[in-house]
Structures are given as C-alpha cells and as structure tokens.
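Accompanying notes for the structure given below.
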Amino acid sequence: MQQKMTRRTVITGALAGTAVLVLHKPGVLAQDSTPAAEAMPSMFPGYPVLEVSITDDAITANQTTIPTGNVVLHVTNNSSSPASVGMLGPNEGQTMDDLKTAFATPVPDNGFPPILYSIIVLGGPPEIAPGKTGEALLTVTAGDWAVFPEGNQPPAFVTAADSPDSNTSDPTAQVEATVGDFYFKGLDNVPAGPAIWKVTNEGKQPHMIAVSQVPDGTTFDQVMATLQYMNTGTPVPGSLNEGDFGPADAGLLLLSTGKSCWVTSDLKDGTYVALCFVTDPATHMPHMAEGMVNLFNVGSVATPTS
C-alpha cells in the first residue's frame, strides 16, 4: 500500500523544520518529561510581543488584544513534542465563525485542510523542540485572528486594533527569501550564525519552508530520489539515508499569498535543503514533488549542485 508523502513520513521526524498547521501528530517524538523552556534574547527588540505557550493539551496567549502593525509572535513549547503555532484569520467575505466551522470538519490523517487555501495565514516560526522558544515577526491588520497550533489543541483568539504601540517599521533582514509556485528564491548566500529572513509569498498558493541539513556535496537529484523512495517504498539508486537529514534552526510554518513575515535562523557552516510540504490542490501532490526543493550553502561551504 502506498504511503502518503507528508513531512513526518518523508524523513520520519528528522526534518526539524516547519510543519503544516493542524496536522495530526503521531507522537513518535514524545518525551517522558518536558524541560523548562529556555529564555532566548529576541532578534526583534522594540516590537509589541504576543507571548504564546504550547502544552500537550492547550495553547494560551498572554493577551486577547494586540496592536496592529508588526507584532512578534513569541512561542514557548512546554509540550512533550516538537510544535509551533501560526496566526490566521478570515479573508474578504469570510468570518471567524466560517473558519471555526471549516476546521471542525474532519480531514484525512495528515491532510491539508482546504480552508487554508483561501484564508489569511500570516506566518509563524518553524517547529520548536520541547523546552525551547521560537519567534516570528508578523504584520497584523485590524480584526479578529486565531493562533492555531499544528496539533489538536484548541486555538487561542486575539483581536488586533490600532494603538499607540503599533509599530510599522521593518527590521533589517540578512536574507531576502521569496516563495512561489513552485520555487524558492533568495537562498543563495545565507550567513552562518543568527540571522533574520524576510520571506514573501509571491505565489497563488500558501507555502512553507522546511529546512534540513544534508551532507556536503548532496545534489538535487539525490534529494528527489530520496523523496520518491520515501513516498513509494521502492529503493531508488542514489537516494540518501534517513540519517543524512539533520535538524536545522530555520524555516517558516506557513504563509499566504501576497504576505511577508520575518523569521530567524541560526545555522552552522554546511549544506542545507529547503522543502515545501503544502499540497497542490490541482495535482494532490506536495509542492516539493513539483520541484519546490532548494539546496543552499551556509558560510564557507561550496555552493551545492541544484
């Protein structure tokens, strides 16, 4: 029986990058206890902050009203599994009740909810290990928004309103990345160490960025052969092993068309692969199977073949 290709089935959890919102978690990475979250200095000082905490059963926000403009979504993972959250809201002609009804409708395991193609998703940090924190800077307009986890916890709801605390200035980004149908641009000279990425979606579909470190010298053909093998279960010459995919502190949870957000990275010198796991509704294939794969180097490593 063919196994559906998803973030978890492709590399079985080795890709410590971003994940599609509201996917069901198999729990294979659960731990017996969750360490206390480490407080990390923000790379977005001076902006309003929405503090969000994740547990195995719930997510909580420290406030129900936030300023419009650029807002830091600061996420603390107090759950026993890798997790993250993003912020989403109704598009023109939709209401928050429409979204609640749509997300209450069951979808197949690891399926991509159809409503995510039409609503507004402002982004979110990549998947965060238990006991760690992550952040993203989102541009929020006035109205009602939901902070949605990638697991089954109920969302938290906030309202954005104009305020003296609103900050519309943009931070300086070391990486200007663009996602589209179906490609990545701008991942050419990613610096090692802490960096800010500005990510813009110029495509017609929502996109994400899942990042994994791979062995130096890895080629595009090897990555595609590995994805084919993990999808079909049939060995493919030249494919990589599961252990060849390592975690990477970079990525983006999910971003709607026409939107930009800022995320952070902290990468060592090496070779990395960026993938998008969002499903194309026209072909029912993940975007990475349609070529949305990008090998890039960090620091002093030679540029990989792509």
Can you see whether [X] engages [Y] through a side-chain donor-acceptor pair at a distance of less than 3.5 angstrom?
{"X": "Q205", "Y": "D280", "value": "yes"}
{"X": "H74", "Y": "E51", "value": "yes"}
{"X": "T159", "Y": "W145", "value": "no"}
{"X": "T226", "Y": "S239", "value": "no"}
{"X": "E290", "Y": "Y183", "value": "no"}
{"X": "N77", "Y": "S79", "value": "yes"}

Checking the side chain of [X] only, and the main-chain atoms of [Y] only, is there a donor and an acceptor separated by less than 3.5 Å?
{"X": "N241", "Y": "G243", "answer": "no"}
{"X": "T101", "Y": "D97", "answer": "yes"}
{"X": "D144", "Y": "F157", "answer": "no"}
{"X": "N78", "Y": "T55", "answer": "no"}
{"X": "E150", "Y": "S84", "answer": "yes"}
{"X": "T232", "Y": "Q228", "answer": "yes"}

Please say whether more than 12 non-hydrogen atoms of neighbouring residues, nucleotides or ligands are located less than 6.0 Å from CG in D269.
-> yes
Check: Under 4.0 Å between a Lys/Arg side-chain N and an Asp/Glu carboxylate O for E176 and K185?
Finding: no
| task | Examine F103 together with F148 and report whether their ring centres are nearer than 6.0 Å. | result | yes
*Whether F182 and H207 hold their rings parallel, tilted or perpendicular, with breakpoints at 30° and 60°*: perpendicular
Validation: residues 116-125 side-chain donor-acceptor distances under 3.5 Å, sequence neighbours left out:
residue: Y117; atom: OH; partner: T279; partner atom: O; Å: 2.4
residue: S118; atom: OG; partner: Q94; partner atom: NE2; Å: 3.1
residue: S118; atom: OG; partner: I115; partner atom: O; Å: 3.3

Note: with side-chain heavy atoms under 4.5 Å as the link, the other cluster members for I196 come out as M43, F44, Y47, V49, V72, L137, W262
Which of N70, T68, V71, T168 passes side chain to side chain contact (heavy atoms under 4.5 Å, CB included) with T139? It is N70
All heavy atoms of P67 vs all of S163, minimum pair found to be CB-CB, 4.0 Å
